[in-house]
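Heads up: the structure comes next, in structure tokens.
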Amino acid sequence: MKLHKFLLVFGLVGASLVFLTERVRARNGTVIAQQSVSDKRDGQHDFDFLVGSWKFHLKRLVRRLAGSNEWVEFDGTTVCRKVLDGRAEVEEMNIYSADKHIHIQGLALRLYNPESHQWSLYWANAADGVLEPNPMVGQFSNGRGEFYNQQIYEGRAIYARFVWSNVTTNSPHFEQAFSPDGGKTWETNWITDQTREKP
């Protein structure tokens with residue numbers, strides 16, 4: 001009888017220890033899972049540096065993916081503002097050059113996805129009034145933003161890349177590049193350096 005009681009008490013104590021251990025493990029697992037989710041960087045404010053009015057100098061390659069080294073240069077202005085409580089931005093760009101007989105008006109729409117922690121960048125040219133359906137997608141890391149998509153250029157499939165750098169200065173730098181060989185080589189075809197206008 002004493003042995004039976006001893007075994008019963010021992011079993012209850014053992015079960016309690018197992019239960020407590022599993023609860024601690026579960027709690028630790030929950031903490032670890034919560035930490036891994038919270039450790040993902042929130043990039044919602046990555047494009048805040050562009051909010052405001054800017055002047056910019058643009059260099060554009062005349063012929064893309066053709067081995068050309070001929071560039072044309074323009075000056076322009078842009079205005080960027082937050083929308084959707086900071087989860088998106090709209091930027092209006094204007095380039096006018098009477099001597100080069102060019103007038104470009106464009107609209108950039110940037111949307112932040114809080115689940116993927118990535119931005120989708122859309123572009124519309126006033127000349128055709130169409131918002132491009134295939135956005136550039138990416139994020140910032142260590143002050144550098146990289147965004148990619150695949151598109152058709154002059155009948156062939158290419159990769160396109162946007163890179164933003166110098167974003168913590170008053171002169172952010174932007175480059176667009178195309179790759180005809182799946183990302184092995186890149187040709188930069190659009191370079192913009194911006195200067196913030198005084199309020």
Problem - Flag side-chain contact, heavy atom, 4.5 Å: Gln139 against Glu146 - result: no
Problem - Verify same cluster id: Val72, Ile104 (apolar side-chain graph, 4.5 Å) - result: yes
Problem - Audit row: Phe178, Tyr159, side chain to side chain contact (heavy atoms under 4.5 Å, CB included) steps and yes/no - result: CA-CA 6 Å; Phe178 288 170; Tyr159 286 139; over 6 Å; no
Exercise for the section: Answer yes or no: is there a side-chain heavy-atom contact under 4.5 Å between Gln176 and Thr188? Expected result: no
Exercise for the section: Would you please name every residue forming a side-chain hydrogen bond (donor to acceptor under 3.5 Å, both in side chains) with Tyr112, sequence neighbours left out? Expected result: Asp42, His117
Practice task
To the nearest 0.5 Å, tell me how far Asn189 CG sits from Arg63 CZ.
Solution key: 13.0 Å
Handout entry: Cluster overlap Leu131 with Val90, hydrophobic side-chain contacts below 4.5 Å
Key = yes
Handout entry: Side chain to side chain, Leu61 and Glu187, heavy atoms closer than 4.5 Å
Key = yes
Practice task
Please lay out, stage by stage, how Arg110 and Cys80 fare under the test side chain to side chain contact (heavy atoms under 4.5 Å, CB included).
Solution key: CA-CA 10 Å; Arg110 305 182 184 99; Cys80 179; 3.8 Å; yes
Problem - Carboxylate-amine/guanidinium proximity below 4.0 Å for Asp48 and Lys82 - result: yes
Practice task
Go through the side-chain N and O atoms of Gln151 and Asn134 and say whether any donor and acceptor fall under 3.5 Å apart.
Solution key: no
Exercise for the section: Go through the steps for Glu73 and Arg60 under the test salt bridge (charged side-chain N to carboxylate O under 4.0 Å, His left out), then give the verdict. Expected result: CA-CA 6 Å; Glu73 300 188 30; Arg60 186 178 72 180; over 6 Å; no
Problem - Glu154 and Arg64 ion-paired at < 4.0 Å - result: no
Practice task
Please tell me if the side chains of Val79 and Ser53 come closer than 4.5 Å, counting only heavy atoms from C-beta onward.
Solution key: yes
Handout entry: Heavy-atom donor-acceptor pair, Trp119 side chain to Gly43 backbone, under 3.5 Å
Key = yes
Exercise for the section: Might you point out which heavy atoms bring Pro135 and Pro133 nearest each other, and give the distance in Å? Expected result: CD-O, 3.3 Å
Exercise for the section: Would you indicate whether the side-chain heavy atoms of Ile158 and Leu65 approach each other to under 4.5 Å? Expected result: yes
Problem - Donor-acceptor side-chain pairing of Asp181 and Ser179 below 3.5 angstrom - result: yes
Practice task
Kindly give the heavy-atom pair with the smallest separation between Trp54 and Pro172, and that separation in Å.
Solution key: CZ3-CD, 3.4 Å
Handout entry: Donor-acceptor under 3.5 Å (Asn125 side chain, Asp128 main chain)
Key = no
Handout entry: Whether Thr78 side chain and Glu92 backbone form a donor-acceptor pair below 3.5 Å
Key = yes
Exercise for the section: Would you check, one step at a time, whether the test side chain to side chain contact (heavy atoms under 4.5 Å, CB included) holds for Leu50 with Glu91? Expected result: CA-CA 9 Å; Leu50 279 180; Glu91 181 177 339; 3.9 Å; yes
Completion exercise
The complete set of ring pair (Phe, Tyr, Trp, His ring centres under 6.0 Å) pairs with one or both residues in residues 55-107, sequence neighbours excluded, reads Tyr96-His103
Practice task
Using the side chain to side chain contact (heavy atoms under 4.5 Å, CB included) rule, take Phe47 and Val167 through it: C-alpha gap first, then chi angles, then the decisive distance, then the call.
Solution key: CA-CA 9 Å; Phe47 274 108; Val167 298; over 6 Å; no
Practice task
With rounding to the nearest 0.5 Å, note down the distance linking CD in Gln194 to OG1 in Thr169.
Solution key: 10.0 Å
Exercise for the section: Find out whether Leu58 and Ile95 are in side-chain contact, i.e. whether some heavy atom of one side chain is under 4.5 Å from a heavy atom of the other. Expected result: yes
Exercise for the section: Establish, from distance only, whether the side-chain atoms of Thr192 and Trp190 form a donor-acceptor pair under 3.5 Å. Expected result: yes
Handout entry: Student check: side-chain heavy atoms of Arg144 and Val163 closer than 4.5 Å
Key = yes
Handout entry: Heavy-atom side-chain contact between Ser120 and Val137 under 4.5 Å
Key = yes
Fill in the blank from the handout: Across all chains, not counting sequence neighbours, the side-chain hydrogen bond (donor to acceptor under 3.5 Å, both in side chains) partners of Asp99 are Ser97
Exercise for the section: Is it possible for you to say whether Ile102 and Met93 belong to one hydrophobic cluster, with membership spreading through side-chain heavy-atom contacts below 4.5 Å? Expected result: yes
Practice task
Considering only NZ, NE, NH1 and NH2 on the basic side and carboxylate oxygens on the acidic side, decide whether Arg41 and Asp46 come within less than 4.0 Å.
Solution key: yes
Fill in the blank from the handout: CG of Asp193 to CG of Asn166, rounded to nearest 0.5 Å, is 8.0 Å
Handout entry: Among Phe174, Tyr148, Phe140, the one residue meeting ring-ring contact (aromatic ring centres under 6.0 Å, His included) with Phe162
Key = Phe174
Exercise for the section: Verify the cluster assignment for Val130 and Tyr122: are they in a single hydrophobic cluster under the rule of side-chain heavy atoms below 4.5 Å apart? Expected result: no
Practice task
Compute the centroid of each ring, for Trp164 and then for Phe49, and state whether the two points are separated by less than 6.0 Å.
Solution key: yes
